[in-house]
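Side chains included, hydrogens not; waters and symmetry mates left out as well; all remaining heavy atoms used. As the structure lists them, so they are numbered: ligands from 1, and atoms in each ligand from 1. Please read all numbers here as calculations on a predicted model, not as lab measurements.
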Amino acid sequence: MLDVQKIRKDFPILNREVNGKPLVYFDNAATSQTPQVVIDAIVDYYSNYNANIHRGVHTLSQEATDAYEIARKKIQKHFNARHAHEIILTSGTTHSINIVATGFTTLLSEGDEIIVSALEHHSNIVPWQMLCERTGAVLKVIPMNEEGALQMDVYYQLLSEKTKLVFTNHISNALGTINPIEDIIKKAHDVGAAVLIDGAQSCPHIKPDVQSLDVDFYVASAHKLCGPTGVGLLYGKEEWLNKLPPYQGGGEMIDQVTFEKTTYAGLPHKFEAGTPNICGGIAFGVALDYMNSIGFEAIAAYENELLVYGTKKLLEIEGLKIYGTSKNKTSVISFNLEDIHPYDVGSIVDKLGVAVRTGHHCAQPIMDFYKIPGTIRASFSFYNTKEEIDVLVASIKKAKMMLS
Ligand SMILES: *Cc1c(COP(=O)(O)O)cnc(C)c1O
């Protein structure tokens with residue numbers, strides 16, 4: 001069981017007011033809030049040992065390097081990677097996906113096929129389209145159904161020996177649907193395809209085990225996991241990371257440089273050109289410690305309680321429709337009020353201190369499927385409460401009254 005009132009004290013931002021009302025933060029699927037221990041780690045870094053890593057013999061540089069590599073080990077342990085050098089620290093999910101998509105340019109030929117799911121974030125659609133343009137590979141899409149779940153029978157039919165890569169998120173940021181990634185990975189491997197899972201939306205709720213999933217690539221962002229923005233990870237199986245060429249050239253990623261030829265550094269440095277987000281990486285490790293100290297099972301159970309409560313309360317509002325009704329979903333509720341534009345509802349509830357997201361949530365194909373311009377999305381985290389959901393429901397009722 002979670003002691004939510006105690007947890008809330010860890011997040012200074014939850015004390016603030018917005019438009020004269022206590023903040024109710026329900027935009028956790030876009031970014032999570034930051035606990036004091038993570039803020040302290042950031043302040044400590046810049047106050048005490050800010051230095052560039054890997055290059056210096058001086059004390060500060062060594063302290064920073066040690067802290068950064070300890071963070072990498074924490075991330076390795078959290079995701080259960082076999083080796084620390086299979087963890088590439090990146091600027092986030094988008095960057096991680098682009099490393100893989102660019103790397104595959106040399107591995108694909110015309111007529112090869114890439115399968116993506118209909119539930120993808122734009123960051124997981126555009127890089128593959130660009131890859132197809134470069135290579136002549138063909139993009140295939142696993143369609144979704146009315147509930148917002150993937151049509152797995154169609155997926156099985158799309159798979160063939162032409163399939164080289166399969167990409168899907170674990171959890172849809174727009175609808176909260178949990179995709180059956182174990183099955184997706186296994187079936188892809190049966191035809192010899194590699195799989196990349198976008199865990200940006202699942203990591204805040206579910207602790208993944210990349211070895212038991214047997215996934216080839218796994219990506220996520222720290223800022224959805226109580227960490228800072230601008231840092232994330234690319235996990236790749238060693239054999240795959242060795243096969244992929246480097247993404248960017250620069251310092252840190254080389255072994256020998258002459259004007260005739262450069263040889264690349266080994267993993268993970270081959271993919272970490274330039275000075276990284278040192279403080280961000282260290283703070284990412286602290287954020288994982290924090291979330292593990294609460295426990296992911298307790299987090300998921302409590303968030304599910306919030307989901308059930310929020311769904312019930314919102315559905316009591318006449319004319320409110322929820323999109324994404326799969327049985328397997330996390331604490332994301334995407335909805336609309338009759339034909340009122342989501343933006344108008346979002347603006348009114350903001351005046352009442354409630355932060356929700358409105359729009360297409362970087363997943364326009366899903367909105368096209370439902371033939372809507374967007375939704376209002378409330379996404380709950382373990383530091384939210386049922387009382388806050390009551391405030392949301394009251395503010396939605398008020399918006400409905402004002403707009404209809
Ligand atoms: C947030 C999110 C992304 C993008 O993450 P960035 O940190 O912006 O790179 C990608 N996929 C999913 C499912 C997300 O929720």
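- The closest side-chain heavy-atom distance from Pro276 to Tyr68 is below 4.5 Å.
- Sorted by first then second residue, the side-chain hydrogen bond (donor to acceptor under 3.5 Å, both in side chains) pairs that include residues 289-315, not counting sequence neighbours, are Asp10-Tyr290, Lys74-Asp289, His78-Asn292, His205-Glu303, Lys207-Asn292, Glu305-Lys386, Tyr309-Asp390.
- Aromatic ring orientation, Tyr45 versus Tyr49: perpendicular (interplanar angle above 60°, classes split at 30° and 60°).
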Expected list for residues 391-403: side-chain donor-acceptor pairs under 3.5 angstrom, two or more places apart:
residue	atom	partner	partner atom	Å
Ser395	OG	Val391	O	3.4
Ser395	OG	Leu392	O	2.7
Lys400	NZ	Glu318	O	2.9

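- For residues 357-370, the side-chain hydrogen bond (donor to acceptor under 3.5 Å, both in side chains) pairs, not counting sequence neighbours, are Asp27-Arg357, His361-Thr375.
- Each of Thr93, Thr94, His121, Ser123, Asn173, Asp198, Ala200, Gln201, Ser221, His223, Lys224 has a non-hydrogen atom positioned under 4.0 Å from some atom of ligand 1.
- Close placement of the Tyr247 and His95 rings is indicated, their centers lying within 6.0 Å of each other.
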